[in-house]
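Please read all numbers here as calculations on a predicted model, not as lab measurements.
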Amino acid sequence: MGFGVMWTGWMLECVSTAKAAVLINGAVTNEFKFSRGLRQGDPLSPFLFILVTEALHLMLVKAEELGIIEGIKNIIPGESISHLQFTDDTILFLRADENMVRNSKYILRCFEIFSGLSINFSKSCIMGFNLEEEFLYRLAAVCRCKIGELPINYLGLPLRADPRKSSSWNEIIDRVERKLSSWKCRSFS
């Protein structure tokens with residue numbers, strides 16, 4: 001699985017081998033290396049995090065192209081969706097197959113090794129649709145994560161089993177209406 005290695009390694013190499021020099025009264029000092037690296041709150045941190053998670057995106061896309069994982073097909077005609085990412089959250093959409101789950105776990109582990117970021121599997125959950133409970137427990141054991149149930153909150157919004165039903169949208173519509181009404185009250189003089 002060398003498809004993400006060079007790119008990720010290159011990015012981290014750029015960060016870890018950075019050098020700087022200081023200009024004092026018009027004269028440049030000798031170069032020095034940064035010894036502490038980037039920290040949370042550093043202005044470059046969000047940008048670098050986006051670059052590094054782009055490597056995960058590319059790894060997952062390449063894995064799907066190679067048939068290592070298989071996403072959900074034809075939600076968008078002719079397309080397959082294997083994952084969605086937003087900041088530090090990633091949702092994987094995989095065919096319910098033990099090998100697919102093992103392969104995705106392997107990809108995530110490779111990402112951890114190459115990026116230095118940690119994936120907290122104990123905070124992660126797996127959900128299945130139309131699956132036997134025993135099989136779902138086996139998949140959760142592979143990932144060492146818990147089993148989740150719908151509805152779940154993602155980015156503060158509830159995700160439900162069937163978005164085609166109007167009842168799935170009622171809570172979201174109510175929240176948006178409450179936000180808009182409070183916003184309107186503050187905006188009018």
Side-chain angles (χ1 to χ4, degrees), residues 1 3-5 7-8 12 40-41 45-46 48-76 79-176 178-179:
M1 291 233 200
F3 42 84
V5 177
W7 194 73
T8 304
L12 294 176
Q40 190 171 355
S45 292
L48 290 172
F49 185 80
I50 290 168
L51 287 175
V52 172
T53 55
E54 178 68 12
L56 175 60
H57 165 73
L58 294 173
M59 291 171 77
L60 291 167
V61 167
K62 188 66 172 178
E64 190 168 17
E65 286 173 6
L66 295 172
I68 296 169
I69 62 171
E70 185 180 321
I72 299 173
K73 298 188 183 314
N74 294 321
I75 290 177
I76 300 171
E79 296 292 322
S80 175
I81 298 175
S82 63
H83 63 285
L84 293 175
Q85 291 179 292
F86 184 80
T87 60
D88 61 349
D89 285 329
T90 300
I91 298 178
L92 298 176
F93 301 98
L94 301 172
R95 185 167 52 91
D97 177 83
E98 200 165 333
N99 285 332
M100 294 289 162
V101 172
R102 286 186 197 286
N103 290 341
S104 65
K105 173 90 181 222
Y106 179 71
I107 292 165
L108 293 172
R109 184 67 185 123
C110 288
F111 174 73
E112 283 184 319
I113 292 167
F114 299 136
S115 69
L117 297 173
S118 295
I119 297 169
N120 191 341
F121 288 99
S122 65
K123 285 187 176 179
S124 301
C125 68
I126 190 167
M127 287 179 277
F129 302 96
N130 300 326
L131 295 178
E132 294 178 13
E133 191 174 346
E134 179 186 326
F135 182 65
L136 191 58
Y137 276 101
R138 208 167 54 234
L139 296 179
V142 167
C143 292
R144 292 193 172 106
C145 66
K146 58 188 171 196
I147 295 175
E149 293 181 12
L150 289 177
I152 63 167
N153 281 333
Y154 181 69
L155 304 177
L157 297 174
L159 296 181
R160 297 204 173 2
D162 192 352
R164 293 172 292 185
K165 292 183 179 177
S166 63
S167 61
S168 298
W169 293 95
N170 289 342
E171 186 178 343
I172 295 171
I173 291 168
D174 290 343
R175 282 186 185 190
V176 170
R178 281 194 306 269
K179 286 279 186 188

Notebook entry, point to check: What residues form a salt bridge (Lys or Arg N to Asp or Glu O under 4.0 Å) with Glu112, not counting sequence neighbours?
Noted result: Arg109
Notebook entry, point to check: Which value, rounded to the nearest 0.5 Å, describes the distance between Leu56 atom CG and Thr90 atom OG1?
Noted result: 5.5 Å
Could you list the donor-acceptor pairs under 3.5 angstrom formed by side chains in residues 118-133, with sequence neighbours left out?
from   : atom 1 : to     : atom 2 : distance (Å)
Asn120 : OD1    : Ser122 : N      : 3.1
Asn120 : OD1    : Ser122 : OG     : 2.5
Asn120 : OD1    : Lys123 : N      : 3.4
Ser124 : OG     : Asn120 : O      : 3.0

Note to self: Restricting to side chain to side chain donor-acceptor pair (under 3.5 Å), what partner residues turn up for Ser82, sequence neighbours left out?
What the structure shows: Glu64
Next item on the list: Can you measure from CG (Leu108) to CD1 (Ile113) and round to the nearest 0.5 angstrom?
Entry: 11.5 Å
Checklist line | For Glu65, all residues meeting side chain to side chain donor-acceptor pair (under 3.5 Å), sequence neighbours excluded | finding: none
Item checked: salt bridge (Lys or Arg N to Asp or Glu O under 4.0 Å) partners of residues 141-155, not counting sequence neighbours, each pair once -> none
Next item on the list: Can you establish whether the number of heavy atoms outside Tyr137 located under 6.0 Å from its atom OH is more than 12?
Entry: no
Margin query: Just verifying a value: how many Å separate Asn99 CG and Ser104 OG, rounded to the nearest 0.5 Å?
Written below: 10.5 Å
Only distances under 3.5 Å count here; give the side-chain donor-acceptor pairs of residues 68-75 to other protein atoms, sequence neighbours excluded, each with its distance to 0.1 Å.
from  : atom 1 : to    : atom 2 : distance (Å)
Glu70 : OE1    : Arg95 : NE     : 3.1
Glu70 : OE2    : Arg95 : NE     : 3.4
Asn74 : OD1    : Gly78 : N      : 3.1

Note to self: Once rounded to the nearest 0.5 Å, what's the spacing between atom CD1 of Ile147 and atom CG of Leu139?
What the structure shows: 8.5 Å
Checklist line | For Val142 against Glu98, the heavy-atom pair lying closest together | finding: CG2-OE2, 4.0 Å
Item checked: Minimum side-chain heavy-atom gap Phe93-His83 below 4.5 Å -> no
Notebook entry, point to check: Closest approach of Phe111 and Val52, non-hydrogen atoms and distance?
Noted result: CE1-O, 3.3 Å
Note to self: Do Val101 and Asp97 have side chains that approach each other closer than 4.5 Å (heavy atoms only, starting at C-beta)?
What the structure shows: no
Check: Could you give the distance from CD1 (Ile81) to CG (Leu92), rounded to the nearest 0.5 Å?
Finding: 12.5 Å
